[in-house]
Amino acid sequence: MTATAPVAPADLTPAPRRPTPSRYSWPRTLRYLALLAGLVVVLIPVYVLVVTSFKAGGDATPAQAWSLPTTWTADNWILAWDSLSPAIVRSMQIVVPAAIVSAFLGSMNGFVLSRWTFRGADVVFTLILFGMFIPYQAVMIPLNQLMLNLGVPSGVPTLILLHIVYGIPITTLIFRNYYASIPHELIEAARMDGAGMLRTYASVVLPISLPSFVVVLIWQFTSAWNDFLFAVFFSTANTGPVTLALNNLANGAQLQNYGASMAGALLASLPTLVVYIILGKYFVGGLMSGSVKG
């Protein structure tokens, strides 16, 4: 019978606890203070816009920009709405088709240039991107003459066409980078099944393009909505977008009505704000989804 070795008694001493990081450390406190200071700086113009929009004519002066209204009134909002509502409708008629059409054209360009390449594809892509770096001011005169020669009516039709054309470079770039990150095996599987270029795009690529479409639609909607240069050259006060009407509201009267101007600026910015609130959480994700390759 063999003797068993004695078993050492178990060490019942509790293990020392790791020190928990303090929730109120100085680096974290300084970080939050910096974020709070940045938030205050960003919201200062918003505060001035809001309080001034509710001031009567005598209170809406630069000297009293920081003070609250002595008498709260909605007359400025009524005046701004009456002046801007037709232009807001025209802006919607411009930006919605321009954003959608340029998004689909950029999607098709990006797919062809990234996955259905041909000889000279890189040269074509470079030439398309070249349109992003030409200042608009440098082409206004020949562009105006081109629109006259084409016979496109001024106002909404011309602005739709211009925003579609000038939106193609950035939309092509975004979609090309996104499609370059799609696994190559997915496209090859579609080819093996006999799908051509259009069938592969419509049945395989387009259904998984939602992140990039969100990015492009937000980008194009905001760019077209905030455009003022094209509006000045290719429309009038009765046919132009809301940016042109807002400029006329701010500078049309002999006596400057700051309250109506501030209310009009808030009204003009509401559509883009709503778009960012609804789709903003997809914007960063859509931008990052195509950042791996490209």
Side-chain angles (χ1 to χ4, degrees), residues 34-96 98-99 135-137 140 154-156 158-159 162-163 218-280 283:
L35 291 174
L36 181 61
L39 180 63
V40 170
V41 171
V42 171
L43 291 181
I44 283 176
V46 179
Y47 165 79
V48 175
L49 280 172
V50 173
V51 298
T52 306
S53 66
F54 288 99
K55 291 180 179 179
D59 294 337
T61 60
Q64 300 177 350
W66 300 99
S67 60
L68 293 173
T70 56
T71 302
W72 293 78
T73 178
D75 293 343
N76 296 322
W77 287 86
I78 297 174
L79 175 61
W81 175 253
D82 292 339
S83 301
L84 300 183
S85 56
I88 291 176
V89 174
R90 289 193 296 270
S91 289
M92 284 293 182
Q93 294 173 349
I94 294 170
V95 301
V96 171
Y136 292 174
Q137 296 85 348
M140 281 298 109
S154 62
V156 173
T158 297
L159 294 176
L162 291 176
H163 287 301
I218 291 178
W219 186 284
Q220 287 299 102
F221 185 95
T222 306
S223 299
W225 186 274
N226 294 331
D227 171 71
F228 181 72
L229 184 62
F230 284 154
V232 170
F233 275 84
F234 299 100
S235 64
T236 63
N238 296 325
T239 61
V242 66
T243 51
L244 192 60
L246 181 61
N247 178 73
N248 295 334
L249 174 65
N251 301 318
Q254 295 181 355
L255 180 62
Q256 182 68 53
N257 189 343
Y258 290 104
S261 300
M262 300 301 179
L266 291 171
L267 283 175
S269 63
L270 280 179
T272 53
L273 180 62
V274 171
V275 169
Y276 271 103
I277 291 176
I278 296 176
L279 301 176
F283 186 74

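Heavy atoms only: backbone and side chains are in, while hydrogens, waters and symmetry mates are out. From a predicted model like this one, the values you see are computed outputs, not experimental measurements.
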My understanding is that only residues two or more places apart in sequence, or in another chain, count here; which of them pass side chain to side chain donor-acceptor pair (under 3.5 Å) with [X]?
{"X": "Thr73", "value": "Asp75"}
{"X": "Ser91", "value": "none"}
{"X": "Thr70", "value": "Asp59"}
{"X": "Ser154", "value": "none"}

Checklist line | Value rounded to 0.5 Å, distance of OG1 in Thr52 from CZ in Phe54 | finding: 11.0 Å
Notebook entry, point to check: Could you state the interatomic distance from CG (Leu49) to CG (Leu43), rounded to the nearest 0.5 Å?
Noted result: 11.5 Å
Next item on the list: Just jot down the ring-ring contact (aromatic ring centres under 6.0 Å, His included) partners of Phe221, sequence neighbours excluded, or say none.
Entry: Trp225
Next item on the list: Check whether any side-chain heavy atom of Leu266 sits under 4.5 Å from a side-chain heavy atom of Leu270, and report yes or no.
Entry: no
Extract all donor-acceptor atom pairs below 3.5 Å that involve side chains of residues 77-86 and protein atoms in other chains or at least two apart in sequence.
residue: Trp77; atom: NE1; partner: Ser53; partner atom: OG; Å: 3.3
residue: Ser83; atom: OG; partner: Leu79; partner atom: O; Å: 3.0
residue: Ser85; atom: OG; partner: Trp81; partner atom: O; Å: 2.9

Holding to side-chain contact (heavy atoms from CB on, under 4.5 Å), I want the full list of residues that pass it with [X], two or more places apart in sequence or in another chain.
{"X": "Ser67", "answer": "Lys55, Gln64"}
{"X": "Gln93", "answer": "Val89, Arg90, Val156"}
{"X": "Tyr136", "answer": "Met140, Tyr166, Leu229, Phe230"}
{"X": "Ala231", "answer": "Asp227, Ser235, Pro241, Thr243, Leu244"}

Where do [X] and [Y] come nearest, in terms of heavy atoms and distance?
{"X": "Leu246", "Y": "Ala268", "answer": "CD2-CB, 4.2 Å"}
{"X": "Ala260", "Y": "Asn257", "answer": "N-OD1, 3.2 Å"}
{"X": "His163", "Y": "Gln220", "answer": "O-NE2, 3.7 Å"}

Notebook entry, point to check: Going by the angle between their ring planes, with limits at 30° and 60°, are Tyr47 and Trp66 parallel, tilted or perpendicular?
Noted result: parallel
